[in-house]
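As the structure is a prediction and not an experimental result, all values here were calculated from the model. To find a chain, count down the sequence lines: A is the first, B the second, and so on, and within it residues start at 1.
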Amino acid sequence: MQTHAAKRVEIIIEAPMESRLTEALEKTGVTGFTVLPVLGGSGRSGRWTREGQIGRAGMVSVICLIRPERLDALLEAAFAVVERHIGVVSVTDTHVLRAERF
Amino acid sequence: MQTHAAKRVEIIIEAPMESRLTEALEKTGVTGFTVLPVLGGSGRSGRWTREGQIGRAGMVSVICLIRPERLDALLEAAFAVVERHIGVVSVTDTHVLRAERF
Amino acid sequence: MQTHAAKRVEIIIEAPMESRLTEALEKTGVTGFTVLPVLGGSGRSGRWTREGQIGRAGMVSVICLIRPERLDALLEAAFAVVERHIGVVSVTDTHVLRAERF
Amino acid sequence: MTQILTIAGQNLLTPMILCFCLGLIAALARSELTIPEAMAKAMSIYLLFAIGFKGGVSVAEHGFDAQLIAALLAGVALSFLLPFAAFAMLRILTGMSALDAAAVAAHYGSISIVTFVTATSVLSGQGIESEGYMVAVAAAMEAPAIVSALWLVARAGTGGAKEIRMDARLWHEILLNGSIVLLIGAFVIGAVTGAPGMARIESFIISPFQGVLCLFLLDMGLVAGRGLRGARGILGPGALAFGILMPIVGAAAGAAAGLALGLSPGGLALMMTLAASASYIAVPAAMRVALPEANPAIYLTLSLGVTFPFNLAIGIPSYVAIAQIIGG
Amino acid sequence: MTQILTIAGQNLLTPMILCFCLGLIAALARSELTIPEAMAKAMSIYLLFAIGFKGGVSVAEHGFDAQLIAALLAGVALSFLLPFAAFAMLRILTGMSALDAAAVAAHYGSISIVTFVTATSVLSGQGIESEGYMVAVAAAMEAPAIVSALWLVARAGTGGAKEIRMDARLWHEILLNGSIVLLIGAFVIGAVTGAPGMARIESFIISPFQGVLCLFLLDMGLVAGRGLRGARGILGPGALAFGILMPIVGAAAGAAAGLALGLSPGGLALMMTLAASASYIAVPAAMRVALPEANPAIYLTLSLGVTFPFNLAIGIPSYVAIAQIIGG
Amino acid sequence: MTQILTIAGQNLLTPMILCFCLGLIAALARSELTIPEAMAKAMSIYLLFAIGFKGGVSVAEHGFDAQLIAALLAGVALSFLLPFAAFAMLRILTGMSALDAAAVAAHYGSISIVTFVTATSVLSGQGIESEGYMVAVAAAMEAPAIVSALWLVARAGTGGAKEIRMDARLWHEILLNGSIVLLIGAFVIGAVTGAPGMARIESFIISPFQGVLCLFLLDMGLVAGRGLRGARGILGPGALAFGILMPIVGAAAGAAAGLALGLSPGGLALMMTLAASASYIAVPAAMRVALPEANPAIYLTLSLGVTFPFNLAIGIPSYVAIAQIIGG
Ligand SMILES: Nc1ncnc2c1ncn2[C@@H]1O[C@H](COP(=O)(O)O)[C@@H](O)[C@H]1O
Ligand SMILES: Nc1ncnc2c1ncn2[C@@H]1O[C@H](COP(=O)(O)O)[C@@H](O)[C@H]1O
Ligand SMILES: Nc1ncnc2c1ncn2[C@@H]1O[C@H](COP(=O)(O)O)[C@@H](O)[C@H]1O
Ligand code: NA
Ligand code: NA
Ligand code: NA
């Protein structure tokens, strides 16, 4: 089937920052994303699990599929939000069906 | 370690369609997949979150790792199910351990 | 924005093995990973869903973003744990922001 | 009329209704208060089980008779017929496409079990008895409306929509959906175990019931409020009018059926409530599969954002008051 | 015998057993009714806490004596020995590999806490007292069977399996697994706070208990039914026979131990139930780590799909009836 | 003093405190016992709703007066001022950065609603009445401390930290956070529906309350224990001393305010408890957004790992005993 080159950006970020991130994305015109729950993890700030969390906000994973040419705008916007926060951002080449949706 | 080229197909789809999708996959011989929960997202049909959902069916993410040569059959099958529905399909090049499993 | 080549390793494994896997990763110096919940899936050992599970341990998905040069050590460590168990391991090329974190 | 308004007014100040309002206000004020999904499902499982079981026990005590069968048939008939009224009203009052109008109509022929549960709690708060088998009637009314709606779509030619995706499998999903199975199952268990069964689990089934309903309605308020916020601008004045008028039409039809059946005032109020209420769980899931091109924002907002609060705050107390007058 | 059957028959029509059947039927009919995972875990936490606490309070009231120690030792011995009986039966009745047979044997030496809880609820429904420390015996019986099973595997050479993955860490996980810690912890809290503690939380611990058990067994029925559906064809007639005979063998061994200990009829019935029941939470998790090559479909289907329903519907009422006769 | 110790000692052997200890021990022993996230949230929603509702009903009964306003103002003042005391103590006792010290200070000016709930349960266990509006005071004390902390950071220049991320949006999140909305909402509902409302949901709101609190404190123990395990080495002796001294300072300030207001002994004990307790839900979330560079391990471990257990085991019983003596 016909597929189109795209980028898959995965942003793992503290849950209290989720709405700030998605609003920043929307401001740069990225209106498609999916939020996945995260059970736990480990990084420079140590290990955590959702069930050992106080308030249990934890982290979430936000996935955006976008056209390659919009990647830079997205990363700028995302970076401004995550910059001072724990979390990671990765970008993978991918292909999507139904390119008219992106 | 020895790894083998494969495709990673990620299908984000409405939960009521999940069993129809996985059955369609099984019919084309795709017997390996993993279903991840989705908390919320945004797309052409607007924003949603699982907790603001009525009935809270929401969406799920179905991930299939397959041999490259079987990609087309999988995409045809998946497309027939998702065609009229909201959701996205992406295909990424990847490598797998233990290729005999796929 | 400046991004750096990295590998995204995704390990889908039985939940009772999670802590053994993450410890093995930590022993080889991999201190960054994220654990996602899994709702269900299908493979050589058949179909399962978390809600039809007894004890409901189910599976989890562990995602590691690492520098390419550390991939082999990670895969050796992971393989030693998953070898006798059901589950899959995939490795995808990706790029990360803030490379100093990895 | 004054009598109706007085009773209705009193009902507004119960913890249940106020909890719903709290949720609505919190959502509209964009508070991040949320009820975890699993907790909401747990509460709905509890409520369905309790209401079904109570109904079954009551049938075990008062016996099973021809009126039960007649009530079931009347419920099924209402569920089949109300979508036609709804569809006609929508085509007159709004500019909705035939597809969207049919999808909405399916919701109004079917029922909302939470509205029903709230009505039973209002009745028990006022010490009014009702027929235990009304929960079976509720279950029987869930699905028939879907058939009517699909028939309406097929007849209309559906404009932009492709073929209807209705197969044996979807029927199976609808008829054996979780709430129907739980409601009917609990009803049968209650009918079989009767009073001794009730004695064993009474302090689980009866005592905390109204409190759980409070928290559940809090969640419904949150969900309805978030839906309204997201759907601003989706419903025109015609659609809003429909969301208020249709339950009144439904209640009138329910009252006619209930009087014909000779139901007690409590049963009459429940029959009016069922006919007046609109589904927001079973039917939306079925519509997503059968008519994916119909816009869910329209049918969910109407059913949950307009008609559900209307029934809760104004409908139920009025139906109860009217039923006492005309059924008394 | 008639007496046993009559009592057993009565027991079938309790809300608990009927809820289990409802779940089983719903799953076999492929209804999508599900209990959210978090709700199921919440109910099991509640049940473990309540049963442990009640046991502790009862020990605080009736005192702590040598019989408690003797009962604990007897439980541990049963858990160690029953796997050998199970293994031998499996090798005779089925063509299972030594590895699978040993894994199954571990389950039958260990215990099912839900079966135990259901038995206590049947006893309390019939007004029969039992020794409070039986919950401690239940906890003590969870793990020893695993040792026997691993020894059986090691001795058999295990055919296709690689080395057993048993280390200090897995022992730690088994001995401090969530249910043991909760059960023993609640038992100790009950024993320390005694009647005044009970007075404070009685309306949480006692009143809703049977109702929660109903919904929990509904979920068990759903899970067992889905397991049976998925595992069709996995168990031959020999394995099925084992799933029915082994609890009878276990109950007989439990009865012998209970009589030797001089337990009350209630305690005797519980000892029989423990020995007759098969684990489906702690042991399966341990087996996945220690013997990953053993097929989980076999041991889970036998334990949860065959023996659990057998114990619930036929076993427990019979054990209670027999215990009243021989222990009375 | 002996009197205080005796009362405090008795309090240690309640099921609530023992459940907290069980959780703590289980976590420190690395048991995998966990309470599902959704269950923990469900219990906290229940506790907030129940405590708010009860407070509202009590205000409806005893009337609403100037003292309520005075108590609210006193609470807000305490929340504003205590962070300055905390900040000064931290700078003297520890080598913490100004940023971390300010973040910690925000927690100690704010309150812990679970500590408050536990204190009300201790009071009710001893049959001591308190002012129903104290839950409103609790809600009013959540946020002001954050302002003081941010002011402290701004004044200190903050060393390594970039600008404070405090905007209208974060204020909105803090002031309309889930627990405040639920607590105040339930309070208003209780005040509006009064005794008749309570009669309808009493067996949900009152009876199971202490039992739910037990399981909730079990979870708090687990979380605190896991936090302590992960944070070993993060707190020096100075910080530990702060975690014990600061609640005493807070309680003293609360006692002064309570005496000035002329509160009943029960209300006095609650005011001491509020001032002595440290937030671990609302403030940490706000700090993650406003001061992301402050180390969460420090403030969470102090608040939940040191001060919370101190208040539970030693603080609350002492505050209650002292309040009875000085307020009596
Ligand atoms: N290398 C990595 N791979 C995957 N997830 C990571 C990685 N590093 C950090 N994370 C995730 O991001 C969270 C915060 O990381 P950090 O900012 O390094 O403390 C961790 O708890 C993980 O969930
Ligand atoms: N570009 C995208 N990237 C990631 N997820 C998306 C994207 N577009 C849509 N989705 C997901 O698919 C759902 C339906 O999208 P849509 O069909 O565009 O309304 C959204 O709610 C998202 O969860
Ligand atoms: N090809 C695949 N793609 C994605 N997930 C898979 C695949 N194969 C197996 N899995 C996951 O791994 C689990 C165990 O697989 P298996 O070891 O083949 O039984 C399945 O239940 C799936 O969750
Ligand atoms: Na209707
Ligand atoms: Na056994
Ligand atoms: Na404070």
Distance from A:Glu18 atom CD to A:Glu23 atom CD, nearest 0.5 Å? 10.5 Å

Compare every heavy atom of B:Ile63 with every heavy atom of B:Glu10, then report the nearest pair and how far apart it is. CG-CG1, 4.3 Å

Among A:Asp93, A:Thr94, A:Val96, A:Ile66, exactly one meets side-chain contact (heavy atoms from CB on, under 4.5 Å) together with A:Arg8. Which residue is that? A:Thr94

Please state whether the side chain, the backbone, both or neither of A:Val60 comes within less than 4.5 Å of a heavy atom of chain B. side chain

Residue pair A:Thr22 / B:Arg47, side-chain heavy-atom distance below 4.5 Å: yes

Quick one: are A:Phe79 and A:Val89 in side-chain contact, heavy atoms under 4.5 Å? no

Do the side chains of A:Ile86 and A:Met59 get nearer than 4.5 Å, heavy atoms only? yes

Would you say the side chain of B:Val81 lies within less than 4.5 Å of the side chain of B:Met17, judging by non-hydrogen atoms? yes

For chain A, which residues from residues 24-46 of chain B lie under 4.5 Å away (heavy-atom distances)? B:Leu36, B:Pro37, B:Val38, B:Leu39, B:Gly40, B:Gly41, B:Ser42, B:Gly43, B:Arg44

Considering only heavy atoms, which portion of B:Val9 lies under 4.5 Å from any heavy atom of chain A: side chain, backbone, both, or neither? neither

